Protein chains: 2
Amino acid sequence: MVRSLLTEEEQHAILALPIQELVLRSKQDYLHINERTTYACLVASGMVGRFGQTSEGVRQITAFHVPGDMADLLSAVRPVGVGGINALCETMVLRVPHAAIRALASRYPAIAEAFWRDCMLDAAILMEWVVNVGRRNSQTRIAHIFCEMAIRSSGDREILKEYPFPVTQEQLGDATSLTGVHVNRTLRALRDVVTLKNGSVQIHDWARLTRVGDFDATYLTADTAPEQQKRLLAAA
Amino acid sequence: MVRSLLTEEEQHAILALPIQELVLRSKQDYLHINERTTYACLVASGMVGRFGQTSEGVRQITAFHVPGDMADLLSAVRPVGVGGINALCETMVLRVPHAAIRALASRYPAIAEAFWRDCMLDAAILMEWVVNVGRRNSQTRIAHIFCEMAIRSSGDREILKEYPFPVTQEQLGDATSLTGVHVNRTLRALRDVVTLKNGSVQIHDWARLTRVGDFDATYLTADTAPEQQKRLLAAA
DNA sequence: CGCGAACTTGACTGTAGTCAACCTGCGTGG
DNA sequence: CCACGCAGGTTGACTACAGTCAAGTTCGCG
C-alpha cells in the first residue's frame, strides 16, 4: 500500500484483516479460469501469473504478481472475468475474504481509494501489455517485460541488476505471445544485454535494455501529484 | 451505473455532479498520451478510443468507449498511465472534475464501489484484449471485437443485429494489431457472417460470429452474484 | 545413475506485413 | 453543377518474422 497515503489507524485496520495462509506448489493453478471466488489473495512469497485462454485452451498470461501484490483484488468488487491464477514456483499466498475487504472499504474511504488505485496500476500495466503484445517484435517484447519486472521487483530501491523471475522460457512465451522456441532464440540474441538463468533475470546493461525494450517507466510510477492527491478529499 | 445497485439519494448525487459539455471533432485527440488531466470524461454520444503507442509512434487502441462509458474514470485516482483518447467520430463528452468524483466517492461508499467496479469491467475487457491480440488469428480477432461491441452497444436489450461502429479499417487494425490491408482481406473473408459498412456493423449470423470469434460473454456480464454483492456491506 | 523437464538447434512453413497501384465516394470550392 | 482532391477501401506481388515439427542436449532431482 505504499502507493497511497494512509493514517496509522487505517494501516492498523488493514493489518488486522483476517488472513489465511496457503502454500501453492510450483505450476499449481490456484484459481481456475471463470472460477468465482470469495477471497482475494496477496502474494507473500514466490510469484504467480494471471492468465486467460482461448476456447482451445491456449493460455495467455496477462499479469505477473510479485510478493506484496494483490493478485486478484479486482475480484472483491467483480468476481467474474478475473481469469485464472497459476503459481510459477512454490508460492505462499494470504487469502483475505472479500467481505472483509469490502467492509473495510466501506468504513474507510481512503482505504477504498487505495484499493481502487492499486487496481488501476494493474490496469495501466495491462494496457501496456496490449501495446507490447500487439505492436512490438520479439526482442522488444521480452526486453520490455524484463524492464517492467525489474522496476516492480525493486520496489522503492535502486533498480536491481538481478531479480528473481522463476518462469520457464515456455511461460515467458505465454506472457509475450511467442512460442518457447522463439523465446529461446530471442534470449540468445539478447544475451549481451540480459540473461534469464536459474529463475533469475540478470541485467548486464540497463540502459541498453530499456532502449531495446522501448521502455518508459512512467506508467509504473507512483502518482507524482501533490500529496493530497493520494487521499480522498474530505467529504463535502 | 446500471452495473451496481444504488439508492435514490446516491443516484441523485451522481446526477448532480458538475459537468461540462465538450464536442470533439472526428479524429481529434482529446487526451494526449502521458497527458495528465483533472477531469474524467463520460461519453455522451459518438465513440472514442483509448490508445497507447510505441516510441516510434505506432498506435495501439486499447479500448473503445460507447455512450454511457466513462472513458478515463481510472484517471480520477491515478492520473498517470491512462494513455491517449481519440474521438473516432464527432463525439460529445461530459467532463467531470476528479475532485468532485473523489469527494462523492468519499461520502458515499456505495458510489466509490460502483466506480471501482466500473473500472474493473474495463480491466476485464483489457485482459480479454491481451488474449485476443496475443493468441488469435486475424479472423477470430476481428470477429471477437465485433461480438464484444455488439453486447456493449446493446445495453440490456437483446443483441442488436446492427450497431454503430464508426471506425475505419485502419483503426480496426490499430485495435486488433493488424494492418489496414490485412483487415480489409479479413473482412472480405468474414462477409457472410458480418460486415462493416458506413460506420455500422451488420451481423448476419450471430451464432457463427461468436463461433468464429471464439467469444464467451461471461467476462462482460454484470455480476450475477446475490444482490447484496452489488453493494458494499454495511460498515462493521 | 537415470529420468524427465527444460533448453537448444535446424529445416521448413505460413500468416500477416510491406509496398505499390488503383478504385470509389464524398465534400468543397470554383 | 461539375470537377477536383482526398480519405478510405481494394487488390496483387513479394517479403519476413515467428510458428511448427523434429531431433538432440543439458541439467536438476529423486
Side-chain angles (χ1 to χ4, degrees), chain A residues 25-28 47 49 54 56-61 86-90 132-145 165-191 194-202 212 214, chain B residues 25-28 47 49 54 56-61 86-90 132-145 165-191 194-202 212 214:
Chain A
R25 297 184 313 277
S26 182
K27 316 265 173 293
Q28 183 181 346
M47 195 162 189
T54 66
E56 294 184 331
V58 183
R59 286 192 176 188
Q60 168 70 50
I61 294 177
N86 180 271
L88 300 169
C89 60
E90 181 165 308
N132 203 40
V133 162
R135 291 297 187 200
R136 301 204 251 247
N137 65 25
S138 61
Q139 286 195 33
T140 308
R141 257 184 247 186
I142 288 178
H144 195 277
I145 295 267
F165 194 55
V167 302
T168 64
Q169 296 184 357
E170 192 74 34
Q171 289 169 327
L172 184 52
D174 286 346
T176 51
S177 303
L178 298 167
T179 57
V181 171
H182 203 65
V183 168
N184 184 284
R185 290 175 175 137
T186 306
L187 286 175
R188 189 152 51 77
L190 288 173
R191 72 181 144 195
V194 68
T195 46
L196 173 63
K197 205 166 58 174
N198 304 125
S200 283
V201 169
Q202 291 184 306
V212 175
D214 187 29
Chain B
R25 296 184 313 278
S26 183
K27 315 266 174 295
Q28 183 179 347
M47 196 162 187
T54 66
E56 294 183 333
V58 183
R59 287 193 174 187
Q60 167 70 49
I61 295 178
N86 180 271
L88 300 170
C89 60
E90 181 165 310
N132 203 40
V133 162
R135 291 298 187 198
R136 302 204 251 247
N137 65 26
S138 62
Q139 286 196 30
T140 308
R141 256 184 248 186
I142 288 178
H144 195 277
I145 296 267
F165 193 54
V167 302
T168 64
Q169 296 184 358
E170 193 71 35
Q171 289 169 327
L172 184 53
D174 286 346
T176 50
S177 301
L178 298 167
T179 57
V181 171
H182 204 64
V183 167
N184 184 283
R185 290 174 176 138
T186 306
L187 285 176
R188 190 152 51 77
L190 288 173
R191 72 180 145 196
V194 69
T195 47
L196 173 64
K197 205 166 56 174
N198 303 125
S200 283
V201 169
Q202 290 185 305
V212 175
D214 190 28

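Atoms considered below: every heavy atom in the structure, side chains included; atoms not considered: hydrogens, waters and symmetry mates. Just so you know, these numbers come straight off a predicted model, no measurement behind them. In what follows, chains are A, B, ... by sequence order, proteins preceding strands, each numbered from 1.
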Rounded at 0.5 Å granularity, tell me how far [atom1] in [X] sits from [atom2] in [Y].
X	Y	atom1	atom2	result
Arg136(A)	Ile142(A)	CZ	CD1	13.0 Å
Ser177(B)	His182(B)	OG	NE2	12.0 Å
Leu178(A)	Gln139(A)	CG	CD	11.0 Å

Minimum side-chain heavy-atom gap [X]-[Y] below 4.5 Å:
X	Y	result
Arg191(A)	Lys197(A)	no
Glu170(B)	Val183(B)	no
Thr186(B)	Arg141(B)	no

Exercise. Testing Asn132(B), Val167(B), Val201(B) for side chain to side chain contact (heavy atoms under 4.5 Å, CB included) with Ile145(B), which one passes?
Worked result: Asn132(B)

Exercise. Would you say Gln60(A)'s side chain and Ala175(A)'s backbone share a donor-acceptor pair under 3.5 angstrom?
Worked result: yes

Do any N or O atoms of the protein come closer than 3.5 Å to N or O atoms of nucleotides 7-9 of chain D, and which pairs are they?
unit_1: dG9(D); atom_1: OP2; unit_2: Gln169(B); atom_2: N; d: 2.9

Value in whole Å for how far the [atom2] atom of [N] lies from [atom1] of [X]:
X	N	atom1	atom2	value
Arg185(A)	dT20(D)	CZ	P	12 Å
Leu178(A)	dT20(D)	CG	P	11 Å
Arg136(A)	dA16(D)	CZ	P	23 Å

For this session: With a 4.0 angstrom cut-off to heavy atoms of chain B, pull out the first and last contacting nucleotide of DNA chain C, in 5'-to-3' order.
Result: dA16(C) to dC19(C)

For this session: Scan Ser177(A) against the nucleic acid and name what it touches under 4.0 Å (heavy atoms): base, sugar-phosphate only, or nothing.
Result: sugar-phosphate

Exercise. Hey, does Thr179(B) reach any base, or is it just sugar-phosphate, or nothing, if we go heavy atoms under 4.0 Å?
Worked result: base

For this session: Just do the side-chain contact (heavy atoms from CB on, under 4.5 Å) check on Arg135(B) and Asp174(A) with the steps written out, would you?
Result: CA-CA 9 Å; Arg135(B) 291 298 187 198; Asp174(A) 286 346; 3.1 Å; yes

Problem set entry | Overall bend - the helix from dC1(C)-dG30(D) to dG30(C)-dC1(D), comparing terminal axes fitted on five pairs, nearest 10 degrees | 40°

For this session: Taking all heavy atoms of Thr140(A) and all of Asn137(A), pick out the closest pair and write down the distance.
Result: OG1-OD1, 2.8 Å

For this session: For Gln171(B) and Ile61(B), work out which heavy atoms get closest and say how close.
Result: O-CD1, 3.6 Å

Problem set entry | Contact nearer the 5' end of DNA chain D, comparing Asn137(A) with Val181(A) | Asn137(A)

